[in-house]
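Below is one structure, written out as structure tokens; the observations come after it.
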Amino acid sequence: MALRFYNSLGRKVQEFTPIEAGKVGLYTCGPTVYNFAHVGNFRAYMFEDILRRTLELCGYQVNHVMNLTDVDDKTIRDSQAAQLPLDTFTRQYKDAFFEDVDALRIRRAHVYPAATEHIGEMIKLIRKLFDAGVAYQAEDGSVYFSIAKWPAYGQLMKIDRDQMRAGVRISHDEYAKESVADFALWKAWSEGDGDVAWNSPWGKGRPGWHIECSAMSARYLGPQFDIHCGGIDNMFPHHEDEIAQSEAANGCRFVNYWLHNAHLVVNGEKMSKSLGNFYTPRDLFAKGYSGREIRWVLFGTHYRQTLDFSLAALDAARASLQRLDAFRQRLAEAASAPEAGTAIAAERAAKATADFQAGLEDDLNISAALAALFDLVRDGNRLLDEGTVAGPAAAAFVQALETCDQVLDVLTPAPGEGVPAEIQALADARQAARKAKDFAQADAIRDQLAAAGWTVEDTPKGPRVKRL
RNA sequence: GGCGCGGUAGCCAAGUGGUAAGGCAGAGGUCUGCAAAACCUUUAUUCACCGGUUCGAAUCCGGUCCGCGCCUCCA
């Protein structure tokens, strides 16, 4: 089956064809580093991670670029409030971002260009826009993109600008624009910016928000590339403006496939601090949830569907992962047994792998992919119960699991999730008691283990210790 | 007002014309010293509602109700 995606440009599912065979240029809108990213932000990055890993599973060599917005109204405002230089202020949130990315097992992009390190590219791009006749400097000193001069504007949203609500778009500091729909390319310095400023042919100032993505994507992926992702809220105006800037400046198609993820809500309500349902990954770690549990919840709903996040969903994720862990452990144990049932195991494993990949190739249908995975678990467990998967036969299942895990990356418990020696010692003592038919003692030790957060399962191969 | 998304079992969630995947939770059974895990069986005559098209619709068309997002910084 061919790889297909829902392209926001055109609004339909299309077969994916890269510009260069076997390679994919992928640009994903990254965080504004003025605070810790929350699970809603990570929903987007998780979708992009699944996308990238799916592309890689399909054999593509992906060049993934994610920007870091480290200068804008919010970073300036909050750095001043914190009485820190802008770069010092944003540094701590960049660091935190990468910690969270790693904890959630999101594969790092190949390049993380920061806006403040690419001001030169942005200035060059704005020059080109002047050359193209679509940019102008207003009386307030800021430079704007003139939508009136660019008829192709509105490819993503099919916006009828006359229908937009009058009034709401005029913000206090942008009344100098020729048209309310025009957007800033370069913002003239104002007192509120403090020492945050760069020199430009249009005077001291800082870049507009949209220009960074146009400039940095061109720098690392070229003027035309394959896929651009972001949250659905970014379709307008951010991505619309990027298209206008890039295509007006470079004279070629900007992006072939636009993929947008839907939002995340918590218990059906928009996540907000006032509702007390605002979560960052580190909030959840503090509650005892692991990165892979959060990961499971974040990728478990199709990316174009609103995701309802909740602690209950995390608990369900824990149960699902325990089932997968147990299966993996059983396979590992079976691998050391004499060979049995190779043919059927290989057949089941091959089917699961194929179904898993086919699900993802169909516009990242994660539900179909997970169904294939759970079919594999059920089939595998049944065969293990029957004793017909052992030795090399178990390897086929392990390999299928590992293939799925190339995309999911949840099947390996974190380091530190292993069994401590003292817990193992208790389990051994309990087993000795059982052997001696001293069940009262055995049960007492089991209670002791439970109190320590561990459970023990008796199997034909001996006790198996697991975290509760 | 414009653009867009959704309403499928207790919960989460696939399925866009051929007779309801999968997960979590629940019930019964097998297994077990007892458990747990695993497996088996079971849990929607039905897909918000009303009409229509069709041999056949959760899926297509028309209408109604409800929830949500964007249009302003936003994943």
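Numbers restart at 1 for each chain; the letters A, B, ... are given by sequence-line order, proteins then strands. Values below: all heavy atoms of this structure, side chains included; hydrogens, waters and symmetry mates excluded.
When Watson-Crick and G-U wobble pairs are counted only if both distances are under 3.5 Å, U54(B) pairs with no nucleotide at all. Base pairing of A9(B) is not made with any nucleotide, judged by Watson-Crick or G-U wobble geometry with both donor-acceptor distances under 3.5 Å. Nucleotide C3(B): paired with G69(B) (Watson-Crick or G-U wobble, both distances less than 3.5 Å). Taking a pair to require two hydrogen-bonding distances under 3.5 Å in either a Watson-Crick or a G-U wobble arrangement, C39(B) pairs with G29(B). Nucleotide U64(B) forms a Watson-Crick or G-U wobble pair with A48(B), both donor-acceptor distances falling under 3.5 Å. Base pairing analysis places U19(B) opposite nothing; no Watson-Crick or G-U wobble pair with both distances below 3.5 Å involves it.
When distances run from any side-chain atom of Asn234(A) to the nucleotides A75(B), G22(B), A13(B), the shortest one goes to A75(B). Taking only side-chain atoms of Arg382(A), from C-beta outward, the nucleotide of C39(B), C24(B), A75(B) with the closest atom is C39(B). Candidate nucleotides A14(B), C34(B), C70(B) were compared by shortest atom distance to the side chain of Gln305(A), and A14(B) ranks first. The listed nucleotides are A75(B), G33(B), A25(B); the one nearest the side chain of Tyr45(A) is A75(B). Among the nucleotides A37(B), A14(B), A75(B), the one closest to the side chain of Ser367(A) is A14(B).
Between Lys187(A) and Asp73(A), at least one side-chain N (NZ, or NE/NH1/NH2) sits under 4.0 Å from a carboxylate O, which counts as a salt bridge. Of the charged side-chain nitrogens involved, at least one lies within less than 4.0 Å of a carboxylate oxygen, so that Asp458(A) and Arg434(A) count as a salt-bridged pair. By the 4.0 Å N-to-carboxylate-O rule, Arg304(A) lies close enough to Asp363(A) to be salt-bridged with it. Taking 4.0 Å as the cut-off between side-chain N and carboxylate O, Arg446(A) and Asp443(A) count as a salt-bridged pair. Salt bridge Arg107(A)/Asp49(A): absent, no basic N to carboxylate O contact under 4.0 Å. Between Glu361(A) and Arg4(A) there is no salt bridge, since no side-chain nitrogen of the basic residue lies less than 4.0 Å from a carboxylate oxygen of the acidic one. Remark: Arg378(A) engages Asp375(A) in a salt bridge, criterion side-chain N to carboxylate O under 4.0 Å. A salt bridge is absent between Asp405(A) and Arg53(A): the closest approach of a Lys/Arg side-chain nitrogen to an acidic carboxylate oxygen does not fall below 4.0 angstrom.
Taking side-chain N and O atoms only, Arg434(A) has no distance below 4.0 Å to OP1 or OP2 of A36(B). For the pair Arg446(A) and A35(B), the criterion of a side-chain N or O lying under 4.0 Å from OP1 or OP2 is not met. Under 4.0 angstrom from either OP1 or OP2 of A75(B) there lies at least one side-chain N or O belonging to Asn41(A). Taking only side-chain nitrogens and oxygens, Lys466(A) never comes nearer than 4.0 Å to OP1 or OP2 of A35(B). Between Asn381(A) and C39(B) there is a side-chain polar atom (N or O) within less than 4.0 angstrom of OP1 or OP2.
The residue Arg330(A) sits close only to the backbone: its heavy atoms come under 4.0 Å of sugar-phosphate atoms, none of a base. Contact annotation for Ala371(A): base contact, defined as any heavy-atom pair under 4.0 Å involving a base atom. If you check every strand for non-hydrogen atoms under 4.0 Å, Val265(A) touches nothing. Across all strands shown, Glu386(A) has no heavy atoms under 4.0 Å from either base or sugar-phosphate atoms. Nucleic acid contact class of Asn365(A) (heavy atoms, under 4.0 Å, all strands): sugar-phosphate only. Residue-level contact check: Leu373(A) touches neither bases nor backbone, having no heavy atom under 4.0 Å from any strand. Residue Lys270(A) is classed as a sugar-phosphate contact, given heavy-atom separations below 4.0 Å to backbone atoms only. When heavy atoms are screened at a 4.0 angstrom cut-off, Arg430(A) is found touching base atoms of the nucleic acid. No contact: Asp72(A) has no heavy atom under 4.0 Å from any strand. Across all strands shown, Ser320(A) has heavy atoms under 4.0 Å from sugar-phosphate atoms exclusively, and none from any base. Residue-level contact check: Ala313(A) touches neither bases nor backbone, having no heavy atom under 4.0 Å from any strand. Residue-level contact check: His238(A) touches neither bases nor backbone, having no heavy atom under 4.0 Å from any strand. Counting non-hydrogen atoms under 4.0 angstrom, Gly40(A) reaches a base of the nucleic acid.
Taking atom NZ of residue Lys437(A) and atom P of nucleotide U32(B), one finds them 12 Å apart after rounding to whole Å. At whole-Å resolution of the value, CZ in Arg304(A) and P in C3(B) are 20 Å apart. Rounded to whole angstrom, the span from the CD1 atom of Ile366(A) across to the C1' atom of A14(B) amounts to 12 Å. Going from atom OH of Tyr34(A) over to atom P of A75(B) covers 7 Å, rounded to whole Å. Taking atom CG of Leu311(A) as the reference point, atom P of A25(B) lies 17 Å away to the nearest angstrom. With rounding to whole Å, Arg328(A) atom CZ is found 17 Å from A38(B) atom P. Atom OH of Tyr6(A) is separated from atom P of G4(B) by 9 Å (rounded to the nearest Å). Here C5(B) presents its P atom at 7 Å from CZ of Arg11(A), a figure rounded to the nearest Å.
Toward the 5' end of RNA chain B, the nearer of the two residues Met271(A) and Asp375(A), judged by each one's closest nucleotide, is Asp375(A). When each of His210(A) and Asp379(A) is assigned the nucleotide of RNA chain B with its nearest heavy atom, Asp379(A) is the one assigned upstream, toward the 5' end.
Comparing the same atom, C1', in A58(B) and in G17(B) gives a spacing of 11 Å after rounding to whole Å. Rounded to whole Å, the separation between the C1' atoms of G63(B) and A75(B) comes to 36 Å. When the C1' atom is compared between A25(B) and U43(B), the two are found 11 Å apart, to the nearest whole Å. Distance check on atom C1': C55(B) versus U19(B) gives 13 Å, rounded to whole Å. Distance check on atom P: U16(B) versus U42(B) gives 26 Å, rounded to whole Å. Rounded to the nearest Å, the gap between the C1' atom of C50(B) and that of G1(B) is 28 Å. Annotation: G4(B) and G15(B) have their C1' atoms spaced 22 Å apart (nearest Å). Taking atom C1' on both A48(B) and C66(B), the two are 8 Å apart, rounded to the nearest angstrom.
For Tyr279(A) and His38(A), the gap between ring centers reaches or exceeds 6.0 Å.
Under the stacking criterion of a centre-to-centre distance below 5.5 angstrom and an interplanar angle below 30°, Phe374(A) is not stacked against the six-membered ring of G22(B).
A donor N or O paired with an acceptor N or O is not found under 3.5 Å between the base of C31(B) and the side-chain atoms of Asp458(A). Under 3.5 Å, the side chain of Asp443(A) and the base of G33(B) form at least one donor-acceptor pair of N or O atoms.
By the 6.0 Å contact criterion, NZ on Lys94(A) is enclosed, its count of non-hydrogen atoms from other residues, nucleotides or ligands being greater than 12.
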